[in-house]
There are 2 protein chains.
Amino acid sequence: MSQHRHGSTPGEAGGVPAFPDLPEATIARLPEYLRALHHLAETGAETVSSEGLAAAAGVNSAKLRKDLSHLGSYGTRGVGYDVTLLVDQIEYILGLDKNRAVCLVGVGNLGHALAGYAGFASRGFRVVALFDADPKKVGERINGLTVQHIDELDRVAAEESIAIGVIATPPGTAQAVADALVAAGVTSILNFAPGVLAVPPNVDVRKVDLAIELQILSFHEHRKASLTALPGGRTAEADNQEAVGS
Amino acid sequence: MSQHRHGSTPGEAGGVPAFPDLPEATIARLPEYLRALHHLAETGAETVSSEGLAAAAGVNSAKLRKDLSHLGSYGTRGVGYDVTLLVDQIEYILGLDKNRAVCLVGVGNLGHALAGYAGFASRGFRVVALFDADPKKVGERINGLTVQHIDELDRVAAEESIAIGVIATPPGTAQAVADALVAAGVTSILNFAPGVLAVPPNVDVRKVDLAIELQILSFHEHRKASLTALPGGRTAEADNQEAVGS
DNA sequence: CGCGATTTGTGCACGCCTTCACAAGCGCCT
DNA sequence: AGGCGCTTGTGAAGGCGTGCACAAATCGCG
Ligand SMILES: NC(=O)c1ccc[n+]([C@@H]2O[C@H](COP(=O)([O-])OP(=O)(O)OC[C@H]3O[C@@H](n4cnc5c(N)ncnc54)[C@H](O)[C@@H]3O)[C@@H](O)[C@H]2O)c1
Ligand SMILES: NC(=O)c1ccc[n+]([C@@H]2O[C@H](COP(=O)([O-])OP(=O)(O)OC[C@H]3O[C@@H](n4cnc5c(N)ncnc54)[C@H](O)[C@@H]3O)[C@@H](O)[C@H]2O)c1
C-alpha cells in the first residue's frame, strides 16, 4: 500500500473531481477493463500491470494507462494497479454500484433469450420487468418474472424506478415503444430493432444491429478476396452466388 | 473528370478503382444507409437527396455526402441520388451480392433465437449450418436446419464455403470454438461471448456484448444524475445504495 | 437559350483519439 | 542508505473523423 487514500470512498480519492468528464472512447473501453479485472480477481491476482491488463482487454498498454489516468491516479509505479481497488473505482464511475433496474419490452424470439440471460445480473443489472403487447404472452413466466402487458409500463416503471429499457420488438413498433418508454420516465434505451429512433435529447440510445455487424464483416471478406485476386483476373469468390431456394 | 456510366456494372463506373479503401467509420455507416435506402425504395421513391437520406439514417448530411463520395460519384447535382443505383452500389461494396454463407455455433438460449431470425436472410446472408457440442442438441431441427455436431465443422465449412461464423457458446469455450472456426477456414467471426478472442491477423472479429452496452448507458445515467444533483439537491438515485461519504 | 433554384462533391480547419517516448516515482536488494 | 530495475503517468506529435462553407454541376422554366 502507499500513502494514497486507498480504501476511502470510491470516486473521492486523488485530486480528481467526483465526476471527471471522460472521453467517449474511454467510457466504451471501461467495461472491457472491468470484465478483464473480474477475471483476474478470480484467478487470485492482487495487482496487475498496465501491460498485463491491456493484454487481457485486447488493447494497447499506453491507451489503457491514459484511460485509467482519467479516473485518477490509482496505480503504483513499479508495481501496477490494485485489482480490487480498480474494480471498485470503475464500477463506481460506471454507476454499477446502483444495481440498476432494467425492463425488457418484446418477449419474442430474441426477448425470450434476453430475459433468461444470466449475464445481466452478474454485471450490475437487475431485469425487473418484462412487457409485451400480445395477450397470449402476458402472464407467461420466464426466469421468475411474469410478462406484463405494455399498458402497465407507466405504473411499473415508476414503482421500480426503471431508468433503462431494452427494446426487442419488431422494427415497425420500435418507435412507439421508445415513445412509451420515454413517457414512462426511462432515460436510457438499448434497441435491438433495426432503424433509427427519435428521442428527446436527454435520453440516450444505443443500438445493436446484428445484420450491420455481419455486413461489416462481409465488406472485409470482399476486400480480402479482391486483394488476393489483384492481378486483375477472376476471383474464386465469384462462383459462390446461386439461388438456393429452400 | 470522367464520363458517368450509370447502369453499368456496379463497382466499375466513374473513375474510382473497383475497390477504394474506405475509412472504417464510413464502412460502419454504409449498412445504415443501405437499410434506409431499402425502406425508401419500398415507399416508391426514385431519388433521394443527401439531406433526406441523412435524416433517414440519423446522420449529418455532410457526413453522408462525404461517405458516398468515397464510393464514387453516384449522385446528380440538383437532383439527388438514384435509390436503386445506390442500393446496388453499396451492396456491391459490402459484398452482399454474394449471399454469404454463415454458420452458427452454440444453439442455446441465444443461438436458438439467432437461428430463427429472419433478419439475416433479408439482408444478404444465408445461415447454412448450426453446430453444438451437446449430443442432446444435435439432430434438433430449427427453421429448416438440423443442428450438427461441432466435429462436423471442418467438413461442412468446406462443402458450403463458409467464410463467416457466429459464436454463441459460453465464454469459457469461445476461444476453442474460434480456433476451430479458423482451422475450418472461416475468416470472419461475430462473437457474442464476453471476452477477447485471439485469432490470426487475417481473421476479422467483431464482438457484441450486451452487458457492455448497458454499462455504457449506466455511465450516462450516473453522469446525468450527478449533473442534476450538483445544485445541492438529493437525487432519486442515491437511495438504492448507501450514501457517498466525505 | 439563359437564368435561378437546387443539390452534390470537396477543400479546409478543428477537435478527438491514438501512439510514442520518457521522466518521475516506487519497491527491493545489497 | 543508496542504487537499480520496473511501471506509471503524461507531454507531444501525428492521424483520423467531423462539419462548415462554397464552387461546380444539373434541372426546370420562362
Ligand atoms: N431474433 C433475433 O435473433 C434477432 C436478432 C437481431 C435483431 N432482432 C430484432 O429484434 C426484434 C425482435 O425480434 P424477434 O425475433 O424476437 O421478434 P418476435 O416477433 O419473435 O418478437 C417480437 C415480440 O414483440 C412483441 N410486440 C410487438 N409489438 C409490441 C408492442 N408495441 N409492445 C410490446 N411488445 C410488442 C410481440 O408480441 C412479440 O412477442 C426485431 O426488431 C428483430 O429485428 C432479432
Ligand atoms: N442469452 C442471451 O440473451 C445472451 C445475451 C448476451 C450474450 N450472451 C452470450 O452468448 C453466449 C450464449 O449464451 P446462451 O444464453 O445461449 O448460453 P446457453 O448455455 O444457453 O447456450 C450455449 C450453447 O453452446 C453449446 N456449447 C458449449 N460448448 C460448445 C462447444 N465447444 N462447441 C459448440 N457448442 C458448444 C452448449 O451446448 C449450449 O447449447 C454466452 O457466451 C453468453 O454470455 C447471451
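In what follows, every chain begins at residue 1, and chains take the letters A, B, ... in the order their sequences are listed. Below, all heavy atoms of this structure are taken into account, side chains as well, without hydrogens, waters or symmetry copies.
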Which part of the nucleic acid, if any, lies within reach of B:E51 when heavy atoms closer than 4.0 Å are counted: base, sugar-phosphate only, or nothing?
nothing
Heavy atoms only, 4.0 Å cut-off, all strands: where does B:A62 land among base, sugar-phosphate and nothing?
base
With nearest nucleotides of DNA chain C determined for A:R77 and A:A25 from heavy-atom distances, which residue corresponds to the more 5′ nucleotide?
A:A25
Mapping A:R65 and A:E24 onto DNA chain C by nearest heavy atom, which one lands closer to the 5' end?
A:E24
Distance below 4.0 Å between [X] side-chain N/O and [N] OP1 or OP2:
X     : N      : value
A:S50 : D:dT8  : yes
B:N60 : D:dC20 : yes
B:Y81 : C:dG9  : yes
A:S49 : D:dT7  : no

Measure the acute angle between the ring planes of A:F219 and B:F19, then classify it against the limits of 30° and 60° as parallel, tilted or perpendicular.
tilted
Side-chain heavy-atom pair B:E91, B:H38 within 4.5 angstrom cut-off:
yes
Any N or O donor-acceptor pair linking the side chain of B:K66 to the base of C:dG9 at under 3.5 Å?
no
Rounded distance (Å) that lies between atom [atom2] of [N] and atom [atom1] of [X]:
X     : N      : atom1 : atom2 : value
A:E46 : C:dG27 : CD    : P     : 15 Å
A:D21 : C:dG15 : CG    : P     : 16 Å
A:L53 : D:dT7  : CG    : C1'   : 14 Å
A:L68 : D:dG9  : CG    : P     : 8 Å
A:D67 : D:dT10 : CG    : C1'   : 13 Å
A:L30 : C:dC17 : CG    : C1'   : 15 Å
A:D82 : C:dC26 : CG    : P     : 15 Å
B:H70 : D:dT18 : NE2   : P     : 10 Å

Would you kindly say whether A:D67 and A:Y33 are connected by a side-chain donor-acceptor distance under 3.5 Å?
yes
Regarding A:R223 and B:D21, does a basic nitrogen lie under 4.0 Å from an acidic carboxylate oxygen?
no
Does A:E221 pair with A:K224 as a salt bridge, N-O distance under 4.0 Å?
yes
